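Right, one structure below, let's go through it.
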Amino acid sequence: MVPANVIEDLKFRNNIEDVIASYVTLSRSGSNLKGLCPFHSEKTPSFTVYSGDGHFYCFGCGAGGDVISFIMRMENLDYRAALDYLAQRCGITLPDDDSRERGGVSRQRVIEMNRAAAKFFHHMLMKSEEGQAGRDYFAKRKLSGATIKHFGLGYAPNSYDGLKKYLREKGFTDEEMVAGYLCQRSRKNEKNIYDCFRGRVMFPIIDVAGNVVAFGGRVLDDSQPKYLNSSDTPAFKKSRNLFALNYAKNKKEDYLILCEGYMDVIALHAAGFTGAVATLGTAITPEQARIMKKYTDKVVICYDSDEAGQKAADKAMRLLSEVDISVRVIRIPGAKDPDEFIKSNEPYGAVRFREVIENARTPFDYKIFQTLSKYDISDAEQKVRAAKELCYAIADIRSKVEQDIYIRKAAKALELDAEGIKADVRGIAKRRAAAQKKKDREELLRNTARLGDRVDPDFAKEKRSGALESTVLGLMLYRPEYIQLDADKSLLDPEMFFSELNRRLYLKIRECYDSGGFEFGMLSEGFSQEEISKASEMIAKRRALSNNGEAAFLESVEALAMEAEKIKNRGSDADIESVIERRRKENKN
C-alpha cells in the first residue's frame, strides 16, 4: 500500500482543476467549476469539480471521486498505473510496491508483452520468408517501407504457436498471453493455448503515451472475419481508443479526420493528412467522441459511401455534436474510400483530396442530400415523409438560430412554406421535452429509492439503516477529523453496518487510518469505480448541507447504533430506549 502522505503529496502536485481541465472544458460556478461530463453524453453541464477538497461529482451519471479515480476512468488504468501516471506528470518517483503484481495480470505487464509481440510481428513481416505474403499485400496497397516502419506494421505467421513460443522465451506466462488477447485457450484442453492472430497483416494500436496497447489483424484471403481486433484487456478498452491518435494529436491542421479503417488512416497519413484516426472495428462510441474533444473542436467524417457507411456517419454526427464538436461530412467522388481516391488520382491525389475536404458538407446539408437521394419529392406522399424526416433532424439541434437557418434550407429544398416546417419542428421539440422531463423524474425517483441498486443492493433491504450509514460515512469522508474521533472513542463497530459495501468502506477507512493515515485516493485500491462514486455521492450530499458539525456526527452514530440493534433484535421485545441510553453512556466514557 502506498502511504497516505505519499498519496496526499501526489494529489497536491496534481491539482485536480488542472488535471481535469486538460480533458474537460470547465467554467467557474461560484467557488466550484462545472463542465460537460466526460463519462456520459449530456447537453447541460452536471459535472462539478470541488477545488477546495479535491473531488469531482457528476449529478447526471453519479460518477465521482478524486484526481486518482478520474485518471483511472479517463485513461483506463488500474490503481497503481494511475499513481505512476500522475507521478510522471509531476516529475516524482513513487516507492516500489511489491504487491502490484498480485491478483492477476497488470496493465504494465501486458504493455511489455505487446511491445515484444509488435517486434515479433514486424520482424516476421520484414525479415522472414513467411512474411512475403504480407510484403506483397502492402506492396499492392502501395505502402512505402517508411510508412510500414512508421506505423510498426507486421505479419502474424499462419502458425498456432509461433508467437506463443517467442513470448515464452521472453519470460511471459500463458496466463499473461491469454489476458492480453494474444493467445487463447483450447476448448478441448484448457491447459493448451494457441495464437489468436494467424496469417494476418498486423496493425499495432498505440496509445497517446506511445504504449502498444492492442492489435488489429487483416486476413490476406477471403476468410472471415476479415478484420480481427484485440478484445478488452488490462491495457486496452476498445471504446476508449482510436487508431493513430498517437500521431494525430500532433496534427498540422486544426481538425481530425474520422475514418472507418486502418488502411484509410495510413493512406491519409502517407499523403500528408496527419490528423486521420479510426475507430477500432466498431461504430464510434460516446467515449471516443469525448476523447476527440480533448484534441480538437472540428472533425471531418470520411466514411465509406455505402449504406452502412452512411448510417455510421449519422451516428458519428450525433455523438460528436453532443460534445460540441463542429462536424463536416465528405462524400468521396468516384471512389469508395479515401485510400482508393488518393491512389486513383496520383500524382495529384493529395491535392484533390484536400479540395474534397474544403467542400465538406455540414451535417444538415449532408442530411438534406441523403433525404433527397432517398425520396422522390415530386410525389406528395414521399415529400411528406421527407419533410417529416428533416423536421426530426432539425429538432435535434439545440440552437434556435441554427434551427431557423435549417428550416429555411429544408423549405427551399422541399419547395414548402417555412412556417409550416417551423411549426412541426417546434411541436416535435415540445413533445420530446415533455418525454425527457418525465424520464428524468422517473430516473430521479429510482435513484432516490435506490431500487435495483447493483452497487449497494443492501440499501433497498434496510433503507433507514442505509441512509444512516451513508450519513456517518459521508461525514467521516467529508470531515476526516471524525475518523480520528471514532478511533479515539471507539464509536463505531463494523457490525453496525448492514450494507456490505458500507461495512467494507468503513473497514478500509479505519485500516488505512490505523496504518498511518487515511487519504480518499486510497479507496481506489480495492474498490470499483462505481463503489468510489457511491462514496463521492455521500460526500456530495454532506457538502450540500450546513449541519456537518460534531454533534450531527455523534447523533448519526447514535441513531445508527440504535438501528443496528433494532435490526439485530427484530421480532424480539428489545427495549430500544435502553439501547440508546447504553450507547450514550459508552460514548461519554
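Values in this document were obtained by computation on a predicted structure and should not be read as measured data.
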Nearest-0.5 Å distance that lies between atom CE in M177 and atom NZ in K164
8.0 Å
Trace of the salt bridge (charged side-chain N to carboxylate O under 4.0 Å, His left out) decision for E531 with R504:
CA-CA 10 Å; E531 290 170 337; R504 285 196 298 118; 2.5 Å; yes
Can K534 and E537 be said to form a salt bridge (charged side-chain N to carboxylate O under 4.0 Å, His left out), step by step?
CA-CA 5 Å; K534 283 296 181 203; E537 180 188 15; 3.7 Å; yes
Strictly under 6.0 Å, is that where the ring centroids of F203 and F121 end up?
no
Salt bridge check: are D324 and K293 linked by an N-O gap of less than 4.0 Å?
no
Between the side chains of N158 and R198, is a donor N or O closer than 3.5 angstrom to an acceptor N or O?
no
Does this structure show an ion pair linking R13 with D9, if we count only N-O contacts that are shorter than 4.0 Å?
yes
Would you say D66's side chain and I68's backbone share a donor-acceptor pair under 3.5 angstrom?
yes
Pairing donors with acceptors under 3.5 angstrom, does anything connect the side chains of Y85 and R89?
no
Under a plain distance cut-off of 3.5 Å, with no hydrogens placed, do Q132 and D136 share a side-chain donor-acceptor pair?
yes
Surrounding CD of E75 (heavy atoms of other residues, nucleotides or ligands, distance under 6.0 Å), is the total greater than 12?
yes
Centroid separation under 6.0 Å, is that true for the rings of F273 and F353?
yes
Under a 3.5 Å threshold, yes or no: a donor from one side chain and an acceptor from the other, between N229 and Y181?
no
Please determine which of F243, F197, Y262 meets the ring pair (Phe, Tyr, Trp, His ring centres under 6.0 Å) test together with Y227.
Y262
Are the ring centres of H150 and Y247 closer than 6.0 Å?
yes
Just by distance, with hydrogens left out, do Y194 and Q184 show a side-chain donor and acceptor under 3.5 Å apart?
yes
Does the side chain of T173 pick up a donor-acceptor pair with the side chain of R109 at under 3.5 Å?
no
Can you see whether Y366 has R361 sitting over its ring - NZ or CZ less than 6.0 Å from the centre and within 45° of the normal?
no
